[in-house]
Each structure stands twice: as C-alpha cells, then as structure tokens.
Amino acid sequence: MARPDELTFAPLGGVGEIGMNLSIYGLGNRHQRSFLAVDLGVSFGDEEHLPGIDLIMPDIRFLEKERNNLMGLVLTHAHEDHFGAIIDLWPRLGCKIYATQFSASLFEAKCAAERNPPRIPITVIPSGGRVDIGPFNVEFIPVAHSIPESHALAIKTEVGTVLHTGDWKIDPTPIIGLPTDERRLRELGDEGVLALVGDSTNAVRDGRSPSETEVAATIKKLVGAAKGRVAVTTFASNVARMKAVADAAKAAEREVVVVGRAMERAVQVARECGYLDGVQNFRSTEVYGHFPPDKVLALCTGSQGEPRAALARIANDDHPQITLNKGDTVIFSSRTIPGNEKAVGSIINGLVEQGVEIITDRDHLVHVSGHPRREELRDMISWVRPQLLIPVHGEALHLAEHAKLARAAGVPKVLTCRNGDMVKLGPGDPGIIGEVPAGRLYKDGSILEDSKSRAVVERRRMGFAGCAFVAIAMTEQGELADDPEVDLVGMPEKNAAGEMLDDIVFDVVVSTIEGLPRPRRRDPDALAESVRRAVRALLNEQWGKKPICLVHVLTVG
C-alpha cells in the first residue's frame, strides 16, 4: 500500500454536467496511490445529437489501469446517474462495492431484470455505519434526498477528512427515511474537515427547497377533488412520493394500480426494505378496467417522456390495459430533466388531445427537488466549516455560483475543476496537479463504444444527409460488366427541376467510369474513390447537402 504522502481527488464524470457521476480519491505519492471510487452513473442519450445511443457512461481507462490499486467502489445512493453504469463497467474493474441495504436491493432487482447480468456482490453497510476500505475509513451519514438511504460520505485518511455530500437537501419532515443528520455533520466540523466536495445542482436557486410533506398535502387535495380516473407519474425510485400518492388514494377511497416495470421493481424493493409498511397493497394492471373511474389511481412510469414507458403508451392510446378519457386527470409529480422537454411536451399534447386535464409543478406544488438551494448550501458550510470547497454535480453555471457562495460564506479556499483534473487536497496548498484520462463511453445497443465511435459520427451524418449506395461490376479488362446499381437512402426523390435524382446519379457514375484511364478503372480502390467524389459533388450541386457515399466495386472474370 502506498505511503500516504498526499490526498487527491479526480472527477471522471459529473463535473460540468448533471449525470454520469464518478469521483475517485487517491492516497499516496506520485508513483503509487491507493484509490477509492465513489458512484458509477450514467447520463442519457439525446436522439438529436446521439441517434441510437441509449446511455452515456464515464470512460474508466484510468481506473482499469489502476485496478490493482482500486480498493473499492462506494455508492452514495441508487439513482441511475450514480449507479446506472455498474452492470456494464464493473466487469472491467472487479472491485468490492459498498452500499446500504436499499441501494443494494434495488441494484439486485435491476440485475435480475437483465438478460445475462454479471454476478456482482455488494457489501451492505448500515446507514450511519463505517467501513475501512484500504487506507480509507468511510462513514455513511444520512441525508434527505428523493430516494431512500441517500448518504454523504465522510472519507477519513491520515491526511485529513473529506466530506463527499452526494445528492442531498435539508428536509426536516421527510415522508420516508431520516432527515439530513445535522448533529453528525456539526460534529464532523468540530473534528475538522479538510475538504467538502458538494452538490451544486440548485446553486442558482434562492431560499430553501420545500418539504416532501408539503407535496403530499397538495397531492392529497388534488386526488380528493378529481372526478374521473387519476394517473400520477413520478420517478420510480421516489418512494416517499409513492407513499404520498398511496395515502392520497386511500383518503379518496381509490385503489392504486402500479403501471410500468421500473415502478413495480421499486415497489417490491421498498416493501422488502420496510419503507411501505402500513401502506395498502397495490393492484396489478389487469384489474384497472374493473374499477369505476372515481375508484382507481394509476401510478405510472414515464415522467421524463421515455418512449417505451407506461405514460407514453397511454398518451398514444396503445397501452393494452390502461386508458384515459375526457375528464380524467394526470399529475406530473416530477420536474422535466433538461433535454427531455420535447418528449414530455409530446406526451402532454397527446393526453390533452384525449381531453385529459394535466397538472404539473407549474400549477401546484406537486414536486420538490431533492437538491439543496442556496440557504441550504450556506447551512452545510456553516456546520462543516471546511478548509476547502470543491463544487461538483452541476453544469458550469451551477459550479460557478456554488463557488461564489462558498467564498462569500468565508470558506478559506475554493477550487473549481473539470472532469479529468487531478486535484491535490492536502497536505499543504490545494491545487490541480495533473490530468487523468477522462471521456465518455456510449452504449449502442449492447455494445460500448468510445466517443470517437465511427458508428455515432456516421449515424449523425446519415440522419442529416442520408446515404448513397453505388454498386459497380467491372471486368478484369476495366470495362463495365453490367449497369451500375444506385440506391439513395434518406434523400429527396427529385431535384428542384423535378428530375429523378437516382437517374442523374446513375448518369454521373457511368460518365465518371468512362472518363477514367483504363489503369484506374482496373484499380478497384481508385475507381471507388473517383465515383464517390463525383457522386457527392453532384448531390451537393443538385440538393445542397453532401451525403455519406458508399461505393462497392466487384471485379468479375
């Protein structure tokens, strides 16, 4: 094990962006360090810029190279942006994983839903517990968030203590789980905190985030006043919201039907872990149609506009069991994640066309964020009194605002960094001392590719300008053996003058071949390149776009 000369921090994801969180702490010297990884999450693809890409994950090249020095991976909580990459990336690392019971159970249920999941053991640590992982002593400090068992991590080393906040807020009246442990955080401040590595998501928002209890009261009122069927959509992992919806349904004498696999999975795990004790049993989708409209409530997945989730299918009127009609109500008990606005808007429009009333957080307090606003950030700083603060979990504006707030609150040193920066935390003056490889991996179907992936680049170009396929059969003497074949995919059929584009391309292919000297015609690569250039130039002239052009030359005897 490395001699603990210095303590370092390097984000490989989650800094300058929201999502794809992965942080690593190092202890040792420049030649050898022991590493601790915190979280291993995903962010989601954007069809416009990354067509066909489902998930984006951090590039873990550095950790793969250091896998013998990687002591373990610790999970702060079980949101996809903090643990969604484990199934795909853990086989490259093979390290021990540490989490509390709910996170471990939700991960196990997620694995069970995969076709061929790797066997990934998780060491369960009690909430508030501690564990030695190599030279790091890690304490799981309960914090309020929008999923059970979220924890800040107090990472203690010989050099000093780091508080890695994870996702948190201050909610004195959470519906489920423990409130943020102010007493323990103050004690930590008394003991001395070298660095606070903190959530910046809501650093631009003044005041304090409202409590889950206030949301529950609003939902109860809305469900009680609804006349027809009610559907509520929220994040499947938000068990407190699930309980609030169940309580509202019970008060209005409605049965709760759970719709969507992710929601069913979360309900099962929440019941196993005791978070839904005393909450009525939920019903399956098969019995939805048997209840009168004013006696049923559907709890649905799909709050972010996911095309295959329950709500999208209901909005398109193609769900096999769940329908909504004029006079029914849908409550979006969630906030639209930036980038999902179009997809959510499309679902809302589909529901409105069916005569459904829509309620969102713009109309009523039906959602609160799980992240701290500015007053809460000030509280955390005053409790912990760190020597150094590093803003993470946010885009550039969020990080800059958190840094400005920390300086105004009197934090002695504040440092902003980017993914891939190696930051020395101590001893001595903190600062960026180097870089480690950082980047993105794209999950394309079942294959992981790096960000330079040809598939992604070409698919984007094809989406913009289509593809021209040309097949040519040549004799060994350099003559055309048959007519070339031309297939234009994703392009207009005719040019502005009304002429068929494939006819024009066919003519230019033939004239290009006939215009080449015989030695070039007998060289398949040279011939293909000449035809490719001619076709692209012609299509640019006729259409104003340069498509991908694939030319296949076959030599026949």
Open item on the list: So that I know where these two stand, are H151 and H77 an aromatic pair - ring centroids less than 6.0 Å apart?
Closed with: no
Task: Any donor-acceptor N/O pair, S150 side chain to S146 backbone, under 3.5 Å - done: no
Open item on the list: Before we go on, tell me: are the rings of F107 and F102 under 6.0 Å apart, centre to centre?
Closed with: no
Task: Electrostatic pair E64:R92 at N-O distance under 4.0 angstrom - done: yes
Open item on the list: I want to check something: taking the side chain as every heavy atom from C-beta on, are I86 and L75 in contact at a cut-off of under 4.5 Å?
Closed with: yes
- [ ] Run the salt-bridge test on K169 and E376 with the 4.0 Å N-O cut-off and return the result as yes or no.
- [x] no
- [ ] Could you tell me whether D277 and R271 make a salt bridge, using a distance below 4.0 angstrom between a side-chain N and a carboxylate O?
- [x] no
Open item on the list: Does K96, at its NZ atom, have more than 12 non-hydrogen atoms belonging to other residues, nucleotides or ligands within less than 6.0 Å?
Closed with: no
TODO: Report yes if the side chains of V138 and R130 come closer than 4.5 Å at any heavy-atom pair, otherwise no.
DONE: no
- [ ] Using side-chain hydrogen bond (donor to acceptor under 3.5 Å, both in side chains) as the criterion, list what pairs up with E80, not counting sequence neighbours.
- [x] K110
TODO: Taking R373 for its side chain and G207 for its backbone only, find out whether a donor-acceptor pair lies under 3.5 Å.
DONE: no
Task: Side-chain donor/acceptor of S209 to backbone N/O of S369, under 3.5 Å - done: yes
Open item on the list: Has K156 got a side-chain atom pairing as donor or acceptor with V159's backbone, closer than 3.5 angstrom?
Closed with: no
Task: Test: E191 and R186 ion pair at under 4.0 Å - done: no
Open item on the list: Between E449 and K443, is there a side-chain heavy-atom distance shorter than 4.5 Å?
Closed with: no
TODO: Have a look at H393 and tell me which of H82, H164, H398 forms a ring pair (Phe, Tyr, Trp, His ring centres under 6.0 Å) with it.
DONE: H82
Task: 4.5 Å side-chain heavy-atom contact, M20 and R440 - done: yes
